[in-house]
Amino acid sequence: MLTIPYLRDHSEEAIQRLAIKNFDQIDLIHEIISLDDERKTIQQSNDETLAEANRLSKQIGSLYKSGKSEEAGQLKIRNAGLKEQAKQLNERLAEIKSLIYDKLIEIPNTPHLSVPHGHTPADNEIVAEGGSMPQLPANALPHWDLITKYDIIDFEWGNKVTGAGFPFYKGKGARLQRALINFFLDQADSAGYTEVQPPLLVNEDSAYGTGQLPDKEGQMYAIGLDNLFLIPTAEVPVTNIYRDMILSENDLPYKNVAYSNCFRREAGSWGKHVRGLNRLHQFDKVEIVQISTPETSYQTLEEMRTHVAGLLEQLELPYRIVKLCGGDMSFASALTYDFEVFSAAQKMWLEVSSVSNFESFQANRMKLRIRDKNGSIRLAHTLNGSALALPRIVAALLENNQTDEGIRIPKALQSYTGYETIK
RNA sequence: GGAGGAAUGGCAGAGUGGUCGAAUGCGGCGGUCUUGAAAACCGUUGAGGUGCAAGCCUCCGGGGGUUCGAAUCCCUCUUCCUCCGCCA
């Protein structure tokens, strides 16, 4: 959520930046500002009314003490009128505030000025490439055939026990999964991230804090009976640790890494492109989260980007880093790098990580602030990124490393898997 | 799940109807002293809104109520503690 002072004082800049996201409802900004003007006016008369009522109360008190109960009684009547007035003003105030809020949450975050204009993934900008393309034999198999051939992931079991999109990993497949998780966590640990194991269910406040609610309700599985939500990413519980906090600038940056299961309903998104491991309802992900200052957050973003690229290098996967165009970015992001690996048998680029700077957009909504050396308080910047999402990494590893002798495991992973080949 | 108790500023902890946004201690910040540091001493130190400012308003877990007036009384929700039950 953007702040009203920003929209007031930098409306030109806001409009310019929002245009990158193809957001042109400029009226909304003006409506918010004029509603806020009204809010101030009402706030002021409410405050004056309450101030008068407070004065009267004190008088009434001292009149009673000096035995002048008749005069006190008269003031009481006046006070009752003031209270009634304040009540009405207060109701109007609440209405306006919620009106402002409703409009404010319709405005996406302002993209960084370096974000390319555009509407579709075709307008994204490839900023880096790494790894080398494997040379596969003509009879190379896509991963959904490889997992059957080597019996390492079982979709049928999942279909029976839960439903589509909830596979079982088994044998060397399960071990590979566990190896990747440990590899990612160890790498993050070396990079200075503190590991946390978050709850997989969050409450409504947290879902609002990181912006899943109110409008992306359909993305999450909801436990209606208890009003909890299964997390779509560890970003939600981990970032919300810091909700409603004022952090000391000296303690920044906060760096957390979390492994978690992620749950996504992905309603209506099933089709040709989502076979096998390409899209699941439940998957595993290691997520990195940082809380940073406005001055350092873009530096932090680059640091996170380097970290993720390092993981892909070690996994020896061909990858590219894509700076998302305005139209392809998420609502809350100011700048996003997507990492894609090439899955050689499918001949497809698969998104395996998304690293974003949210600037103060999430921080404003969740009241996450920092206090600097001088004691002044301002909003923090929040960032997160996948490091990495497992299923597509598994898909690419399987496809790219298939040989006649089996599937070769990259060196960096071998001490974690305990085997060098899946045969 | 049952019975009791509790929730106050960064932390600890007073406060049971007005003079309380809130004692005191610790911590933080600034200063004196010191070659430097520590100790000691002095000062300062919650958040939000509004206003040029002085000031005014709101907030003592959340919500509602009683009262002229609520941190304080009542209702309710949440969380924590103790005891019992159940259980990985």
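Lettering of chains follows the sequences in order, A, B, ..., and the numbering in each one begins at 1. These numbers were taken from a predicted model, which means no experiment stands behind them.
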Provide the distance between the two [atom1] atoms, one in [N] and one in [M], to the nearest whole Å.
N: rC77(B); M: rA7(B); atom1: C1'; answer: 14 Å
N: rG21(B); M: rU72(B); atom1: C1'; answer: 15 Å
N: rA70(B); M: rC33(B); atom1: P; answer: 49 Å
N: rG1(B); M: rG49(B); atom1: C1'; answer: 45 Å
N: rU8(B); M: rC60(B); atom1: P; answer: 12 Å
N: rU16(B); M: rU67(B); atom1: C1'; answer: 16 Å
N: rU50(B); M: rG36(B); atom1: C1'; answer: 47 Å
N: rA14(B); M: rG65(B); atom1: C1'; answer: 27 Å

Only pairs with both distances under 3.5 Å count, Watson-Crick or wobble alike; so what is the partner of [N] in this structure?
N: rA37(B); result: none
N: rC11(B); result: rG25(B)
N: rC87(B); result: none
N: rC80(B); result: rG5(B)
N: rG30(B); result: rC42(B)
N: rA47(B); result: rU58(B)
N: rU66(B); result: none
N: rU19(B); result: none

Quiz item: Knowing that exactly one of N124(A), I20(A), T110(A) qualifies, which makes a side-chain contact (heavy atoms from CB on, under 4.5 Å) with V115(A)?
Solution: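 The single option meeting the side-chain contact (heavy atoms from CB on, under 4.5 Å) with V115(A) is I20(A).
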
Quiz item: Between L388(A), L180(A), L185(A), which is the residue that forms a side-chain contact (heavy atoms from CB on, under 4.5 Å) with V286(A)?
Solution: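 Per the side-chain contact (heavy atoms from CB on, under 4.5 Å) rule, the option paired with V286(A) is L185(A), out of L388(A), L180(A), L185(A).
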
Quiz prompt | Polar side chain donor-acceptor pair, S354(A) to D338(A), under 3.5 angstrom | solution = yes

Quiz prompt | Residues which pass salt bridge (charged side-chain N to carboxylate O under 4.0 Å, His left out) with E31(A), listed by chain and number, not counting sequence neighbours | solution = K103(A)

Quiz item: Among all residues two or more places apart in sequence or in another chain, which pass the salt bridge (charged side-chain N to carboxylate O under 4.0 Å, His left out) test with E351(A)?
Solution: none

Quiz item: For residues 42-64 of chain A, which residues have at least one heavy atom under 4.0 Å from RNA chain B?
Solution: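 By residue number: Q43(A), Q44(A), D47(A), L50(A), A51(A), N54(A), S57(A), I60(A), G61(A).
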
Self-check item: Nucleic acid contacts of residues 32-41 of chain A, taken as heavy-atom distances under 4.0 Å to RNA chain B
Solution: R39(A), K40(A)

Quiz prompt | First encountered from the 5' end of RNA chain B, between I246(A) and N250(A) | solution = N250(A)

Quiz item: With under 30° as parallel and over 60° as perpendicular, where do the rings of H112(A) and Y298(A) fit, or are they tilted in between?
Solution: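 The rings of H112(A) and Y298(A) sit tilted, inter-plane angle from 30° to 60°.
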
Quiz item: Is it true that the NZ or CZ of K255(A) lies under 6.0 Å from the centre of Y193(A)'s six-membered ring and within 45 degrees of the ring axis?
Solution: yes

Exercise. Would you verify whether the NZ or CZ of K149(A) falls within 45 degrees of the ring axis of W144(A) while also being under 6.0 Å from that six-membered ring's centre?
Key: no

Quiz item: What are the two closest heavy atoms between I407(A) and L397(A), and how far apart are they?
Solution: CG2-O, 4.1 Å

Quiz item: Would the number of heavy atoms belonging to other residues, nucleotides or ligands and lying under 6.0 Å from CD of E91(A) be above 12?
Solution: yes

Exercise. Shoot me the first and last contacting nucleotide of RNA chain B against chain A, ordered 5' to 3', at under 4.0 angstrom to non-hydrogen atoms.
Key: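 Nucleotide range in contact with chain A: rG18(B) to rG69(B).
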
Practice problem: If a pair satisfies side-chain hydrogen bond (donor to acceptor under 3.5 Å, both in side chains) and one of its residues is in residues 414-423 of chain A, list it, with sequence neighbours excluded. | Solution: D186(A)-Y416(A)

Quiz prompt | Stepwise side chain to side chain donor-acceptor pair (under 3.5 Å) check, S206(A) with N203(A) | solution = CA-CA 6 Å; S206(A) 296; N203(A) 60 30; 3.2 Å; yes

